[in-house]
Amino acid sequence: MALYSEKVMDHFRNPRNVGIIEDANGIGEVGNAKCGDIMKMYLKIEDDVIQDVKFETFGCGSAIASSSMATELIKGKPVADAMRLTNQAVAEALDGLPDYKMHCSVLAEEAIQSALEDYRKRNA
Ligand code: FES
């Protein structure tokens, strides 16, 4: 069996929603101290809905695929749904990740939570 699913390879080769949002109202950046990978997430939220989301990831293929899939899972969704997004859901949507690559999907979950937290602070 191949190490990575077709979906992982697809999102790694053709990542969705790469880039920055100039007028984002929620920005989060997280890193993994062990591997040194960094992920930055930009959210444009209006009426409690994620109207747009983009990311920049300096990291491994699984981190890029996880960021790409995570943005697809929350785009157009209510903020409350995005808050519930787990790294397991991201990994499942990618048809799985090898055990030792699960931390890459954690980075995606953390980046989104960090951007949502930033949004919450700005609107407090
Ligand atoms: Fe660090 Fe994948 S190896 S996020």
Side-chain angles (χ1 to χ4, degrees):
M1 194 189 112
L3 190 55
Y4 293 109
S5 72
E6 282 295 319
K7 275 195 191 164
V8 172
M9 293 311 292
D10 176 33
H11 279 261
F12 167 58
R13 291 198 181 107
N14 308 293
R16 283 50 149 193
N17 309 307
V18 175
I20 66 172
I21 299 175
E22 295 289 350
D23 60 344
N25 53 4
I27 299 174
E29 184 171 345
V30 294
N32 182 301
K34 273 195 191 148
C35 64
D37 290 356
I38 298 167
M39 197 180 286
K40 195 162 181 180
M41 201 61 75
Y42 301 83
L43 301 175
K44 179 69 184 167
I45 299 172
E46 273 164 37
D47 300 326
D48 268 335
V49 172
I50 315 256
Q51 303 289 354
D52 200 9
V53 48
K54 292 210 184 300
F55 76 91
E56 294 176 305
T57 291
F58 182 81
C60 74
S62 298
I64 291 167
S66 294
S67 336
S68 170
M69 181 54 87
T71 57
E72 287 285 275
L73 290 172
I74 64 165
K75 200 171 185 175
K77 298 276 168 54
V79 167
D81 286 10
M83 287 172 77
R84 282 193 292 269
L85 183 74
T86 63
N87 77 294
Q88 280 94 348
V90 173
E92 270 169 34
L94 287 169
D95 289 339
L97 282 170
D99 280 353
Y100 69 99
K101 283 287 177 181
M102 280 304 281
H103 78 272
C104 316
S105 61
V106 172
L107 216 51
E109 177 189 322
E110 289 178 350
I112 287 172
Q113 296 311 321
S114 166
L116 288 169
E117 177 66 17
D118 180 50
Y119 170 75
R120 198 186 59 72
K121 278 192 198 143
R122 291 183 197 215
N123 290 280

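In what follows, residues are counted from 1 in the order of the sequence shown. When a ligand or atom number is given, it counts from 1 through the structure's own listing order. The analysis underlying the following values was restricted to heavy atoms, covering all of them including side chains, and did not include hydrogens, waters or symmetry mates.
The salt bridge (charged side-chain N to carboxylate O under 4.0 Å, His left out) test applied to E92 returns no partner, not counting sequence neighbours.
Judged as a salt bridge (charged side-chain N to carboxylate O under 4.0 Å, His left out), the pairs with a partner in residues 10-20 (not counting sequence neighbours) are, in order, D10-R16. Pairs engaging residues 49-66 under the salt bridge (charged side-chain N to carboxylate O under 4.0 Å, His left out) rule: D52-K75 [sequence neighbours left out].
Only protein N, O or S atoms were scored, and 2 of them lie under 2.8 Å from atom 2 (Fe) of ligand 1.
Classification of K121 and D118 as a salt-bridged pair fails, no side-chain N sitting under 4.0 Å from a carboxylate O.
Grouping the Ile, Leu, Val, Met, Phe, Trp and Tyr side chains by contacts below 4.5 angstrom, directly or via other members, places I20 apart from I64.
Across I27, T57, V30, a single residue satisfies side chain to side chain contact (heavy atoms under 4.5 Å, CB included) together with K40, and that is I27.
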